Visitor: 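After the structure tokens below, expect a handful of questions from me.
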Number of protein chains: 2
Amino acid sequence: MRPTMKDVASAAGVALKTVSRVVNDEPGVHPTTAERVREAIERLGYSRNESARMLRRGRTATIGLVIEDVADPFYAGLSRAVEGVVIEHGCLLLSGSSGEEPGRERELVETFCARRVDGLIVVPAGDDHTYLRSELEAGTPVVFADRPPGAGLDVDTVLADNVGGARQAVRHLMVHGHRRIAFLGDDPAIFTAAQRLRGYREELGGLFDARLVSMRPPSSGVIGDDLARMFALDDPPTALFTGNGRYTVTTLRALGGRRVALVGFDDFELADLLDPGVSVVAQDPSWMGRVAAEVLFRRLRGDVGPSEHLELPVRLVTRGSGELSPDQAGARG
Amino acid sequence: MRPTMKDVASAAGVALKTVSRVVNDEPGVHPTTAERVREAIERLGYSRNESARMLRRGRTATIGLVIEDVADPFYAGLSRAVEGVVIEHGCLLLSGSSGEEPGRERELVETFCARRVDGLIVVPAGDDHTYLRSELEAGTPVVFADRPPGAGLDVDTVLADNVGGARQAVRHLMVHGHRRIAFLGDDPAIFTAAQRLRGYREELGGLFDARLVSMRPPSSGVIGDDLARMFALDDPPTALFTGNGRYTVTTLRALGGRRVALVGFDDFELADLLDPGVSVVAQDPSWMGRVAAEVLFRRLRGDVGPSEHLELPVRLVTRGSGELSPDQAGARG
DNA sequence: CTGAAAGCGCTAACAC
DNA sequence: GTGTTAGCGCTTTCAG
């Protein structure tokens with residue numbers, strides 16, 4: 001069906017190996033012979049079968065990326081950055097979304113491994129990664145991004161400063177006079193959510209009040225109810241800290257124009273165009289992706305040093321919503 | 001290094017083929033034997049080498065997806081939908097972003113083809129796809145999404161109703177009393193931009209005024225200048241039609257709170273939370289992705305009917321900005 | 001500079 | 001039920 005090297009070889013009247021040399025730009029082929037081979041390649045429309053090459057060489061020039069959901073802007077940005085580095089290194093990217101399901105994460109990782117990806121970048125959904133043990137022993141480098149692996153796995157990790165970022169957000173609100181600061185975030189089973197809760201709690205100290213904390217899976221759709229419950233308290237919150245981009249948006253929608261001080265974790269498009277502009281603790285998903293990919297390729301180049309645990313700083317961006325004072329709260333904007 | 005079927009076979013005291021049978025759930029293996037093989041697989045930590053399998057079977061169970069940029073919400077949504085269908089069919093997705101560069105699009109497509117992807121979904125950046133000819137002849141199905149292929153290529157295509165959507169947007173603004181409607185969009189070399197300009201022009205008829213059209217590459221950063229120029233006219237626009245999500249956002253930012261009627265092509269997160277809410281002609285990127293993937297798998301299943309050319313309807317979503325009357329324009333919001 | 005032979009790990013086709 | 005053989009298309013090794 002498709003022409004193979006053998007076909008090209010007989011078309012050009014040379015041996016298989018000579019074609020291989022030409023295709024791979026190996027030295028030691030007479031220019032005239034090379035030209036004849038190239039002409040045959042062109043004429044037959046030959047293109048090297050990478051599957052065969054991979055099998056023989058034992059390298060696939062493929063990196064596997066498991067994220068939570070490409071449609072989420074954070075992971076989309078991360079993916080794009082990973083892709084950039086991967087392409088720069090002459091590799092291709094196999095990617096998949098776990099949808100926050102540990103089973104799917106594992107399935108994806110195992111499928112990628114069966115394809116013998118040269119390396120793996122994983123944003124884990126689960127917290128048991130013992131299934132990766134044999135792959136690591138086989139020498140495949142793995143980098144965890146955004147969230148660390150489950151206990152007992154010593155691999156490179158690139159995280160954001162979740163605790164510090166949360167503390168920064170809460171401190172900012174406190175500086176602006178708030179004492180009743182609510183936290184709305186994801187299920188604490190998720191690492192980043194738990195870390196941000198921790199930072200929130202640490203910074204709040206004695207002001208912490210469990211009634212001002214709502215952590216629900218994003219699908220539950222009850223953030224509005226939780227908010228209503230909090231606002232009905234004798235001492236309602238005057239400020240909100242939302243645990244990630246999705247919650248910030250959901251919360252803004254649930255507020256329906258009600259003016260409350262708010263700082264969100266994660267930056268998002270149009271945060272500056274809302275009224276007031278939404279103050280956020282911004283992560284840089286591209287940076288995280290790039291760093292994770294670079295660590296991976298360093299390993300691929302043979303770096304066998306101890307595992308790296310990077311924590312990327314985050315940045316408070318003030319746009320108005322986080323600078324409202326407690327007495328400005330409550331009014332309908 | 002890694003255990004192979006041969007290793008498993010000798011560990012279990014059976015022949016290679018028996019291991020293959022067990023691994024592939026082929027019938028005709030005695031339960032006891034199968035159990036022994038499974039035990040050996042478990043003990044050695046064996047996992048089938050898919051590269052070898054691909055080479056032998058001639059199918060890679062891989063689909064290639066070329067888009068413009070994963071970090072763009074439209075393409076992120078499309079990717080996610082494609083991924084869903086691909087996984088459902090037991091395949092994996094190789095994806096890459098062309099960054100709107102025809103050269104990169106071609107490179108990606110050719111690399112994917114060298115890996116012998118079973119099928120290809122392409123959002124083209126260029127308009128010459130003759131390089132795909134040989135691949136199509138080799139039997140690889142290709143589906144174009146969002147934009148059609150260059151001349152002379154008869155393949156399945158899934159597009160949105162760009163002309164109709166643009167007409168709908170302009171008509172809506174006209175119904176609300178506007179006669180001076182500007183169009184801000186992408187370089188007309190891009191299919192969707194050209195189609196939307198066409199719809200805009202058709203619907204506007206005699207009211208068309210070239211001075212109210214600005215089509216620039218998104219990188220140029222001069223949308224604000226163009227807008228200023230238009231507003232400085234004797235008969236400035238009272239309404240804007242923006243050609244895609246990115247332009248809508250850039251335009252809103254450039255307007256800096258100035259109240260002008262506006263309808264944008266493409267829906268976007270938070271469009272409802274801005275003041276006024278942004279009216280849009282909404283496409284459904286997930287739908288487009290799903291449909292494209294389904295058409296592809298139908299081909300893969302052997303459908304050899306004439307090429308399909310699907311046009312997905314779009315939907316006008318009114319949120320306020322598109323319902324402002326001409327005399328409400330000009331004020332600072 | 002060029003070529004022949006072996007074999008990567010698997011599956012297909014056919015024995016037994 | 002099970003095993004043997006050939007070979008997918010390429011790279012590696014070694015021989016000329």
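In the text below, chain A, chain B and the rest are named by the order of the sequence lines, each starting its count at 1. Small disclaimer: the values here were computed from a predicted structure and weren't measured.
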Visitor: Would B/R2 and A/T140 count as a side chain to side chain donor-acceptor pair (under 3.5 Å) if you check the C-alpha gap in whole Å, the side-chain angles of each, and the deciding distance to 0.1 Å?
Guide: CA-CA 11 Å; B/R2 272 173 204 272; A/T140 310; 3.3 Å; yes
Visitor: Would you say the side-chain atoms of A/D127 pair up with the backbone N or O of A/G150, donor to acceptor, closer than 3.5 Å?
Guide: no
Visitor: Roughly how bent is the helix from C/dC1-D/dG16 to C/dC16-D/dG1 end to end, in steps of 10 degrees, with each end axis from five pairs?
Guide: 40°
Visitor: Any residue in residues 41-57 of chain A with a heavy atom nearer than 4.0 angstrom to DNA chain C? Just list them by number, or reply none.
Guide: A/L55, A/R56
Visitor: Between atom CZ in B/R2 and atom C1' in C/dC8, what is the gap in whole Å?
Guide: 14 Å
Visitor: Taking for each residue the nucleotide of DNA chain D with the nearest heavy atom, is it A/T4 or B/T33 whose nucleotide lies nearer the 5' end?
Guide: B/T33
Visitor: So, are A/E26 and A/K17 salt-bridged, with charged N and O less than 4.0 Å apart?
Guide: yes
Visitor: Is A/R21 side chain donor-acceptor paired with the C/dG3 base, going by distance under 3.5 Å alone?
Guide: yes
Visitor: What class does the angle between the rings of B/F297 and B/H89 fall in, given that below 30° is parallel, 30 to 60° is tilted and above 60° is perpendicular?
Guide: parallel
Visitor: For the residue pair A/T62 / B/R115, report whether a side-chain donor-acceptor contact shorter than 3.5 Å exists.
Guide: yes
Visitor: Would you find a donor on one side and an acceptor on the other, under 3.5 Å apart, between the side chain of B/S10 and the backbone of B/K6?
Guide: yes
Visitor: Side-chain N or O of A/T18 versus OP1/OP2 of C/dT2: is the shortest distance under 4.0 Å?
Guide: no
Visitor: Examine the side chains of A/D156 and A/S307 and answer whether a donor and an acceptor come within less than 3.5 Å of each other.
Guide: no
Visitor: Could you give the CG-to-C1' distance, from B/L16 to C/dA13, as a whole number of Å?
Guide: 14 Å
Visitor: Starting at the 5' end of DNA chain D and moving along, which residue's nearest nucleotide shows up first, B/P31 or A/M5?
Guide: B/P31
Visitor: Does B/E294 form a salt bridge (charged side-chain N to carboxylate O under 4.0 Å, His left out) with B/R298? I'd like the steps, not just the answer.
Guide: CA-CA 6 Å; B/E294 277 162 3; B/R298 202 176 309 142; 5.6 Å; no
Visitor: Atom NZ of B/K17 and atom C1' of D/dT2: how far apart are they, to the nearest Å?
Guide: 11 Å
Visitor: Would you mind reading off the distance between B/R59 atom CZ and C/dT11 atom C1', rounded to a whole angstrom?
Guide: 14 Å
Visitor: Would you say C/dT11 has OP1 or OP2 under 4.0 Å from some side-chain N or O of B/S20?
Guide: yes
Visitor: To the nearest Å, how far apart are B/E26 CD and D/dG1 P?
Guide: 14 Å
Visitor: Kindly give the heavy-atom pair with the smallest separation between A/P141 and A/R299, and that separation in Å.
Guide: CB-CB, 3.7 Å
Visitor: Send over the distance from A/K6 NZ to D/dC10 P, rounded to a whole Å.
Guide: 11 Å
Visitor: A/N24 has an atom CG; how far is it from atom C1' of D/dG9, in whole Å?
Guide: 12 Å
